[in-house]
K.L.:
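Below are the structure tokens for one structure; questions will follow.
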Number of protein chains: 2
Amino acid sequence: MSRASDKAYKTIREMIIAGKLASGDPLGEEALAELCGVSRTPIREALRRLEVDMLIRRTESQRSFVADWSLGDIEDVFELRAMLEGHAARRAATRMTDTVLQRLRERNATIGQAVSRVKPQVDIFLEQNREFHALILRTAGSRRLETLLQALIEQPVIWRTAHHYRADELRRSHQEHEELISAFVRRDAAWAESIMSGHIRRAFHAYSDAHQGLAAIDPAQNKKSA
Amino acid sequence: MSRASDKAYKTIREMIIAGKLASGDPLGEEALAELCGVSRTPIREALRRLEVDMLIRRTESQRSFVADWSLGDIEDVFELRAMLEGHAARRAATRMTDTVLQRLRERNATIGQAVSRVKPQVDIFLEQNREFHALILRTAGSRRLETLLQALIEQPVIWRTAHHYRADELRRSHQEHEELISAFVRRDAAWAESIMSGHIRRAFHAYSDAHQGLAAIDPAQNKKSA
DNA sequence: CATACCTTTATTGTATACAAAATCACGTAG
DNA sequence: CTACGTGATTTTGTATACAATAAAGGTATG
């Protein structure tokens with residue numbers, strides 16, 4: 001991560017996720033350049049990346065603003081993930097190898113340890129969970145599918161609040177992963193698809209339960225504009 | 001289209017579609033800048049856009065090459081389109097309004113005229129067909145879905161050869177659109193989804209029939225490298 | 001008082017120069 | 001003959017200056 005554009009990307013991204021930059025805040029290139037300690041050139045590149053991440057929105061005249069995520073938007077993302085990751089699981093089931101299966105087992109074993117505690121290690125869960133899903137996605141063997149899903153999975157708007165998941169929800173997640181592995185062992189594509197689809201849908205409800213009535217990005221953190 | 005980066009984008013894109021730049025050809029920023037008559041700055045922006053279009057591929061060291069599309073890759077795209085556009089049709093069915101319905105009818109009427117001739121007007125077909133699908137996509141009411149599908153639909157690798165579709169296939173397409181409208185009139189989401197999904201899948205077979213044994217981008221047009 | 005137009009100001013777009021990095025070529029040692 | 005290292009060359013990354021364009025504000029006029 002030595003390149004300046006990466007640094008700018010990470011910096012701005014983190015600030016949006018942390019709420020330092022609230023929905024609708026204008027993002028002038030000059031201001032961001034000073035903020036990140038780099039010139040405008042890498043800032044422009046970072047803004048492009050953030051745009052495909054859908055973390056920022058651009059007007060027709062190319063001015064940038066922090067994107068606003070309604071609960072409906074977030075539901076859309078989960079819905080698309082359910083469909084696409086289900087598809088990935090189906091494809092992965094027919095292409096599964098023993099080595100990948102072994103690595104999936106290892107990942108989920110780590111997840112099992114992390115969530116079996118009274119106070120689950122959420123950071124480890126998130127990390128291993130990501131790897132678990134990434135492994136399946138790669139096994140699906142479709143570069144295009146991988147590209148599309150990457151953009152959805154990386155959505156950090158959701159991560160911001162991932163720490164609020166309840167312990168029983170995390171354990172349920174671990175259990176569903178085990179089922180998924182069973183489906184893969186049997187190379188049962190339809191089974192894998194339906195587990196995965198339900199797995200993602202459940203995640204959405206866990207998310208929305210934890211945020212009843214709250215907007216995706218807390219408007220209380222808004223500090224600018226009258 | 002006054003901006004230089006747009007000009008560069010279009011120029012490079014056209015050259016790739018036309019086969020002037022063959023799969024695997026290296027795309028140096030300097031060379032492209034001279035080719036497009038602009039500086040490297042807008043070229044870099046154009047390359048980013050072409051990358052998300054999946055028309056170019058970048059190495060880990062950020063060097064750019066014309067992407068190579070195997071038939072399997074193209075099948076992947078159609079498969080994803082079938083799933084996502086089917087999903088869009090399902091959502092659109094529950095959100096359909098009479099004004100949109102009317103516009104769909106108009107579009108497909110134009111398509112009907114274009115394909116009823118002995119020598120179908122393929123350009124008109126492609127244009128109206130695009131509008132027809134775009135209208136449904138917009139009615140689905142999911143910005144994320146729209147973004148994802150845009151990237152797939154715009155795939156110009158496929159357009160290159162769209163002119164080779166047979167007349168009966170074009171008429172069949174028109175007919176399926178009519179069925180789709182029927183499903184929308186009845187607000188039958190499941191019906192709309194299955195018609196749309198089949199519609200796209202059939203389009204793939206029409207495509208692959210027209211290109212039996214041929215690579216996606218004709219290697220015969222390769223003029224560079226020994 | 002409202003509106004249209006013009007001036008001013010801020011912001012994005014482009015070009016260019018230079019820095020950093022990677023690739024290639026070549027030569028030498030094993 | 002191969003493998004490796006080193007330097008030359010090409011290619012990408014960044015900074016900065018300037019041009020073009022859009023937003024903002026103020027003034028004149030209906």
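Please read all numbers here as calculations on a predicted model, not as lab measurements.
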K.L.:
Does the side chain of A:Gln62 get closer than 4.0 angstrom to OP1 or OP2 of C:dG13 through an N or O atom?
P.N.:
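So the side-chain polar atoms of A:Gln62 do come within 4.0 Å of the phosphate oxygens OP1 or OP2 of C:dG13, strictly under.
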
K.L.:
Considering heavy-atom distances to DNA chain D, does A:Glu60 or B:Arg40 have its closest nucleotide positioned more toward the 5' end?
P.N.:
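Result of the comparison: B:Arg40.
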
K.L.:
Less than 4.0 Å between a side-chain N and a carboxylate O, is that true for B:Asp98 and B:Arg187?
P.N.:
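Looking at B:Asp98 together with B:Arg187, the answer is yes, because their closest N to O distance falls below 4.0 Å.
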
K.L.:
Between D:dA23 atom P and A:Arg58 atom CZ, what is the distance in whole Å?
P.N.:
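Going from A:Arg58 (CZ) to D:dA23 (P), I get 14 Å.
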
K.L.:
With a 4.0 Å cut-off on heavy atoms, is B:Leu47 in touch with a base, just the backbone sugar-phosphate, or nothing at all?
P.N.:
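Contact class for B:Leu47: none.
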
K.L.:
Could you state the atom-to-atom distance from OH of A:Tyr9 to P of D:dG13 in whole Å?
P.N.:
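Interatomic distance, OH of A:Tyr9 to P of D:dG13: 17 Å.
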
K.L.:
Does A:Glu51 come within less than 4.0 Å of A:Arg48, counting only side-chain N to carboxylate O?
P.N.:
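Between A:Arg48 and A:Glu51 there is a salt bridge, with a charged N closer than 4.0 Å to a carboxylate O.
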
K.L.:
Taking the minimum atom-to-atom distance to the side chain of A:Ser39, which one of D:dG13, D:dT12, D:dA15 wins?
P.N.:
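Side chain of A:Ser39 sits closest to D:dA15.
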
K.L.:
Expressed as a whole number of angstroms, how long is the span from B:Glu29:CD to C:dA17:P?
P.N.:
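Nearest whole value for this atom pair: 17 Å.
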
K.L.:
Using whole Å, what does the distance between atom P of nucleotide C:dA20 and atom CZ of B:Arg63 come to?
P.N.:
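The distance from CZ of B:Arg63 to P of C:dA20 comes to 17 Å, rounded to the nearest Å.
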
K.L.:
Is a salt bridge present between A:Glu131 and A:Arg103, judged by a nitrogen-to-oxygen distance below 4.0 Å?
P.N.:
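Here A:Glu131 does not pair with A:Arg103 in a salt bridge, since their nearest N and O are not under 4.0 Å apart.
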
K.L.:
Rounded off to whole Å, could you give me the CZ-to-C1' distance for the B:Phe65 and C:dA22 pair?
P.N.:
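After rounding, the gap between these two atoms is 12 Å.
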
K.L.:
Roughly how many Å is it from CG in A:Leu32 to P in C:dT12, rounded to a whole number?
P.N.:
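Those two atoms, CG and P, are 9 Å apart.
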
K.L.:
Calculate, to the nearest 0.5 Å, the distance between atoms CE and OG1 belonging to A:Met96 and A:Thr139 respectively.
P.N.:
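Those atoms lie 4.5 Å apart.
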
K.L.:
For a quick check of understanding: with a heavy-atom distance under 4.0 Å over all strands, which category does B:Thr41 fall into, base, sugar-phosphate or nothing?
P.N.:
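Since a base atom lies under 4.0 Å of B:Thr41, the category is base.
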
K.L.:
Could you measure the distance from the OG1 atom of A:Thr147 to the CG atom of B:Leu152? Nearest 0.5 Å is fine.
P.N.:
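So the gap between those two atoms works out to 9.5 Å.
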
K.L.:
On DNA chain D, check which nucleotide each of A:Ser61 and A:Val38 is closest to and give me the residue with the more 5' one.
P.N.:
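Comparing both residues, the 5'-ward one is A:Val38.
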
K.L.:
Check the distance between D:dT14's C1' and A:Lys7's NZ and give it to me in whole angstrom.
P.N.:
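A:Lys7 atom NZ is separated from D:dT14 atom C1' by 12 Å.
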
K.L.:
In whole angstroms, how far is the P atom of C:dT11 from the CD1 atom of A:Ile43?
P.N.:
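Taking CD1 of A:Ile43 and P of C:dT11, I get 14 Å after rounding.
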
